[in-house]
Asks: 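Supplied in structure tokens, the structure appears directly below.
Letters A, B, ... are given to chains in the order of the sequence lines, protein chains preceding strands, and every chain is numbered from 1.
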Amino acid sequence: MAQTNSFGQTSNGEADDSPNMLVYRKMEDLIARMQDEKTGIPIRTVKSFLSKIPSVFSGSDIVQWLVKNLTIEDQVEALHLGTLMAAHGYFFPISDHVLTLKDDGTFYRFQTPYFWPSNCWEPENTDYAVYLCKRTMQNKARLELADYEAESLARLQRAFARKWEFIFMQAEAQAKVDKKRDKIERKILDSQERAFWDVHRPVSVYGLQNDIRSHSPTHTPAPEAKQPTVEELQEQIKFWQAQLDRHRLKMSKVAEGLLGYTEQYADYDPFLSTPDPSNPWISDDTTFWELEASKEPTQSRVKRWGFRMDEVLKDPAGREQFLKFLESEFSSENLRFWLAVQELKRRPIREVPSRVQEIWQEFLAPGAPSAINVDSKSYDKTTQNVKDPGRYAFEDAQEHIYMLMKSDSYSRFIRSSAYQELLQAKKKVGPSTLSTKP
Amino acid sequence: MYPSIHPSIHLSTLTSISSSPVIIYVHLAVQQLQTLCFLANFPLAKMAAQEVQPSETIAKLKSESEALKTKLEEERAKLHDVELHQVAEKVDPLGQFVMKTRRTLKGHGNKVLCMDWCKDKRRIVSSSQDGKVIVWDAFTTNKEHAVTMPCTWVMACAYAPSGCAVACGGLDNKCSVYPLSLDKNENLAAKKKSVAMHTNYLSACSFTNSDMQILTSSGDGTCALWDVESGQLLQSFHGHAADVLCLDLAPSETGNTFVSGGCDKKANVWDMRSGQCIQSFETHESDINSVRYYPSGDAFASGSDDATCRLYDLRADREVAIYSKESIIFGASSVDFSLSGRLLFGGYNDYTINVWDVLKGTRVSILFGHENRVSTLRVSPDGTAFCSGSWDHTLRVRE
């Protein structure tokens, strides 16, 4: 049968690393394991009325095998994976056109590797026409066309009216070859060929099977890599050198950092601790959002400011409190400078030159009203930058000021009575306590 | 005698023994070892190819580069004194999660490809294969705005920080910004502004912490930063050897960095100011579909077609965890962290969402419900829920 068909088979004869092929190969590995004589699924011939059903296994056999061999805890997950494999056509129910897996005694059969999706089949309508035509020639009840197949055949006959003779001849030739085969072998091959068409000409218009063949335009095969030029290689070497010079932390230290952060924020993670008073998505009550947006921060919000300076800078109420504190210490120019530079970077490029001048005049120029203190190196650099102003003109100065605030002003702010009062004052309950609502 | 097939570019001039025609060979490509020959006035029959020195510079540089790369891996490995999950043994295990779908958004007539949350924690913008971009109030499930793009496969969309605009793009190779009007009857398409121009499809876009700048990634292998008002290119980022599929901005207040992932299996960390790649990680076995920073900004996670998600730490400068299971064989299309970074949500091409314990490396939950690939997944800005979009035309908000 195989030789006389003219399927539009494409293969490029080399290891294809495209994402689809990766998945096909993994599924095929699983199939190989399933077909293993010792550890695979037991395939048997079942007696039925006057005939035998060759080479089958049941749906629950598959599910059980997956659960056992892939250490899956949940039957549902095994069933889902099996259904996907069936949808790709790796095994199929022998008496149904719909390719899903049922966890019961329904009989399934393996698809022959010739028809596997990894062979990149793209069968044409003419091939389908030949197939359907052949089916009508064979006088067997089990090969009778289903309604949707009869409709397809009628449609194809109209579409290919002119070359129908040619199609008919091909179908005849195939039918002839088929007749020569052994009865049992024919049964199996017929079902496999039908399953192939169930993948490529599925019965339902929308559904699992239809989108199996759908591809995203982003996953096109990568063009062959060009050989790098001398310049590119030199760039690469510079890059690796810079990477080697980088300072790295030990894994143990890094792990402690990750654990620490996660622990600190666990109370604020709605998936780990119920928000106070409730999660709006579950209760349909938006109080939680209103509290978070309010100008008067809750105790938990204030507590969060103490975690790191970024939390204060992120929260508008936090910024306001921090600024107030700094004003009381007559050192608010640092924060105001930092905020102004942040704002500068948010503006359209057109506004940048004038803004740079404004900031320079206000904070850095000799005799500036809100003079800030930066180290001489940053100051010199900034002076240069301002002459040709870009969005990052104040980057060095801003970094210096940020470090200064972090090491000095911020820690004083957190220890200040103003902050401590805020932290204790509001008697709102913490985030982990559930409030009862009538 | 024919020139030996050597997988490198070299320009070789040769002279034959008898006469002195000059034949220039340019060897291209590695895998298929194709040779392109330009013959200049020399009959084929008499072609006696004889190779003169292959370019030593290229070969030498290549081996130097490879040597440095190997040395870097060694240096990185030296500091690997313990595994993350070992240190995490002292952390309490997570309990059982019950995550239900709280809202289902139906309205797209085709595959949902991308979504983004508004800073107000309830609105969402989503885009689909048929060119439709919809803005929803996910809390009420009402559609608030809808735009039809002139192209199909709108693979990228983003909400502006102010909540007053959305950006989107796809097979049109552009990123366009639509200001959102309060007037429901106004035609949004009329106010459309084309900002970014790439030479291949737009795979992802994100506003920086301002409505005025957009960061984009493209199938043309580059990322770029644009000024929204003028459409001016502020900075471009070159370094990926194939399509760039995703990007994420570092969450820091002072952050000037972002990470991108591509079909070259690399995840690159970039300095927005200089355009330089400052760190690079290459451990995935296939395309990286999604990258997302850990909330502290010290690490990031990636999801790939190799069916794994991985965690890379920037201070350790290496991969520190792999999230995978033998039963997960389909690619991960999108990943995001819960607010504390303890949970990693992954949307997969097998229609499921797997929830991972980031520290212990185990899977805590598997969520079904979508009837086709999960193509996009984002946790809301305050972590109260996450939304997944799928090729089954729907979006689901779950908690």
Side-chain angles (χ1 to χ4, degrees), chain A residues 14 19 22-23 26-27 70-72 77 80-81 84 211 217-219 222 224-225 227 230 233-234 236-237 239-241 243-244 246 248-252 254-259 261-262 265-266 268-272 275 279-282 289 292 310 313-314 346-350 392 395 402, chain B residues 8-9 29 31 57-58 61-62 64-65 68-69 71-72 75 79-82 84 87 91 102 121 153 203 210 212 219 227 229-230 232 241-243 245 253-254 263 273 286-287 296 305 313 315-317 326-327 329-331 338-343 350 359 366 372 383-385 391 397 399:
Chain A
E14 60 173 23
L22 258 186
V23 182
K26 286 188 200 165
M27 285 196 277
L70 293 182
T71 48
I72 299 177
E77 202 187 329
H80 183 80
L81 177 60
L84 282 171
D211 288 306
T218 61
H219 287 123
E224 278 161 13
Q227 278 303 337
V230 172
L233 282 168
Q234 282 168 339
Q236 265 184 34
I237 288 171
F239 177 74
W240 294 129
Q241 199 60 58
Q243 293 302 306
L244 271 166
R246 160 189 299 281
R248 254 168 234 98
L249 286 185
K250 270 205 302 212
M251 188 57 220
S252 42
V254 157
E256 291 297 335
L258 291 171
L259 261 70
Y261 184 93
T262 306
Y265 283 86
Y268 294 86
D269 187 338
F271 280 96
L272 303 177
N279 187 320
W281 296 101
I282 302 178
W289 286 335
E292 288 296 305
D310 273 10
L313 297 174
K314 255 186 354 194
R346 290 195 241 268
R347 301 313 304 162
I349 198 89
R350 174 181 50 87
Y392 295 108
E395 209 59 11
Y402 180 84
Chain B
S8 64
I9 282 190
Q31 267 102 358
T57 330
I58 292 271
L61 285 176
K62 258 203 141 183
E64 192 182 335
S65 179
L68 281 174
K69 194 171 168 193
K71 188 144 180 260
L72 177 63
E75 289 300 311
L79 294 168
H80 195 71
D81 53 346
V82 73
L84 176 60
V87 177
V91 180
R102 307 288 172 180
K121 307 154 191 173
W153 288 92
S203 54
S210 147
M212 295 298 143
D227 179 67
E229 193 193 56
S230 62
Q232 188 186 336
D243 306 17
L245 295 179
E253 285 303 296
T254 54
C263 291
R273 190 177 160 192
S286 185
D287 303 0
S296 73
D305 274 331
D313 189 285
R315 298 155 306 171
D317 190 31
E326 212 184 345
S327 53
I329 59 177
F330 285 79
S338 71
L339 189 139
S340 65
R342 182 68 192 272
L343 299 174
D350 64 1
L359 302 176
I366 175 170
N372 207 320
T384 47
W391 280 18
V397 178
E399 207 296 335

Asks: Would you say NZ of A:K250 has more than 12 non-hydrogen atoms from neighbouring residues, nucleotides or ligands within 6.0 angstrom?
Replies: no
Asks: Return the CD to CG distance between A:E256 and B:L84, rounded to the nearest 0.5 Å.
Replies: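 Taking CD in A:E256 and CG in B:L84, the distance rounds to 10.0 Å.
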Asks: Given 3.5 Å as the limit, does a donor-acceptor pair link the side chain of B:D81 with the main chain of A:S252, or not?
Replies: yes
Asks: For the interface with chain B, which of A:H80, A:M27, A:Q236 has the highest count of heavy-atom pairs at distances below 4.5 Å?
Replies: A:H80
Asks: Measuring from atom CZ of A:R346 to atom CE of B:M212, what distance do you get when rounded to the nearest 0.5 angstrom?
Replies: 11.5 Å
Asks: Measuring heavy-atom distances to chain B, does A:F271 have an atom under 4.5 Å in its side chain, in its backbone, in both, or in neither?
Replies: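 It is both, since atoms from each part get that close.
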Asks: With side-chain contact (heavy atoms from CB on, under 4.5 Å) as the test, would you mind laying out the steps for A:L258 and B:R315 before giving the verdict?
Replies: CA-CA 11 Å; A:L258 291 171; B:R315 298 155 306 171; 4.3 Å; yes
Asks: Between B:Q232 and chain A, which part of the residue has a heavy atom less than 4.5 Å away: side chain, backbone, both or neither?
Replies: side chain
Asks: Out of B:S340, B:S210, B:S338, return the one with the most heavy atom pairs under 4.5 angstrom to chain A.
Replies: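 Going by pairs under 4.5 Å, I would pick B:S340.
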Asks: Tell me, please, which residues at least two apart from B:F330 pass ring pair (Phe, Tyr, Trp, His ring centres under 6.0 Å).
Replies: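 Counting only residues at least two positions away or on another chain, B:F330 forms a ring pair (Phe, Tyr, Trp, His ring centres under 6.0 Å) with A:H88.
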Asks: Please classify the contact between A:R246 and chain B as side chain, backbone, both or neither, with a heavy-atom cut-off of under 4.5 Å.
Replies: side chain
Asks: Rounded to the nearest 0.5 Å, how far apart are NZ of B:K121 and CH2 of A:W281?
Replies: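 If I round to the nearest 0.5 Å, the distance is 12.0 Å.
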Asks: Answer yes or no: is there a side-chain heavy-atom contact under 4.5 Å between A:L259 and B:L359?
Replies: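 A:L259 vs B:L359: side chains touch.
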Asks: Check this for me, if you would: do B:R273 and A:E395 make a salt bridge, where the nitrogen-to-carboxylate-oxygen distance has to be below 4.0 angstrom?
Replies: no
Asks: Between B:E326, B:R342, B:E253, which has the largest tally of heavy atom pairs under 4.5 Å with chain A?
Replies: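 Winner by heavy-atom pair count: B:E253.
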Asks: Looking at every heavy atom in both A:P270 and B:G383, which two are closest together, and how far apart are they?
Replies: CG-O, 3.1 Å
Asks: Go through the atoms of A:N279 and report whether side chain, backbone, both or neither lie under 4.5 Å from a heavy atom of chain B.
Replies: side chain
Asks: Rounded to the nearest 0.5 Å, how far does CG of B:L339 lie from OH of A:Y268?
Replies: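 It comes to 10.5 Å.
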Asks: May I ask you to name which of B:I366, B:L343, B:D313, B:V91 has the most heavy-atom pairs under 4.5 Å with chain A?
Replies: B:D313
Asks: Considering only heavy atoms and a distance below 4.5 Å, find which of B:S296, B:G341, B:S230 pairs most often with chain A.
Replies: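 Looking at each option in turn, the highest pair count goes to B:S296.
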Asks: Say you draw a straight line from CD of A:Q234 to CD of B:E64; how long is it, rounded to the nearest 0.5 Å?
Replies: 9.0 Å
Asks: Evaluate the side-chain contact (heavy atoms from CB on, under 4.5 Å) criterion for residues A:Q243 and B:D317: first the C-alpha distance (whole Å), next the side-chain angles of each, then the deciding distance (0.1 Å), finally the verdict.
Replies: CA-CA 9 Å; A:Q243 293 302 306; B:D317 190 31; 4.2 Å; yes
Asks: Using non-hydrogen atoms only, which part of A:I237 is less than 4.5 Å away from chain B: side chain, backbone, both, or neither?
Replies: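 It is both, since atoms from each part get that close.
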Asks: Using salt bridge (Lys or Arg N to Asp or Glu O under 4.0 Å) as the criterion, list what pairs up with A:E292, not counting sequence neighbours.
Replies: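 For A:E292 there are no salt bridge (Lys or Arg N to Asp or Glu O under 4.0 Å) partners, ignoring immediate neighbours.
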Asks: Let me confirm one number: the CZ-CD distance from A:R347 to B:E229, rounded to the nearest 0.5 Å.
Replies: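 Output value for this atom pair is 8.5 Å.
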Asks: Donor-acceptor pair, B:D227 side chain versus A:P348 backbone, under 3.5 Å?
Replies: no
Asks: With a 4.5 angstrom heavy-atom cut-off, could you sort out which part of A:I72 is near chain B: side chain, backbone, both or neither?
Replies: side chain
Asks: Which heavy-atom pair separates A:V23 from B:I329 by the least distance, and what is that distance?
Replies: CG2-O, 3.9 Å
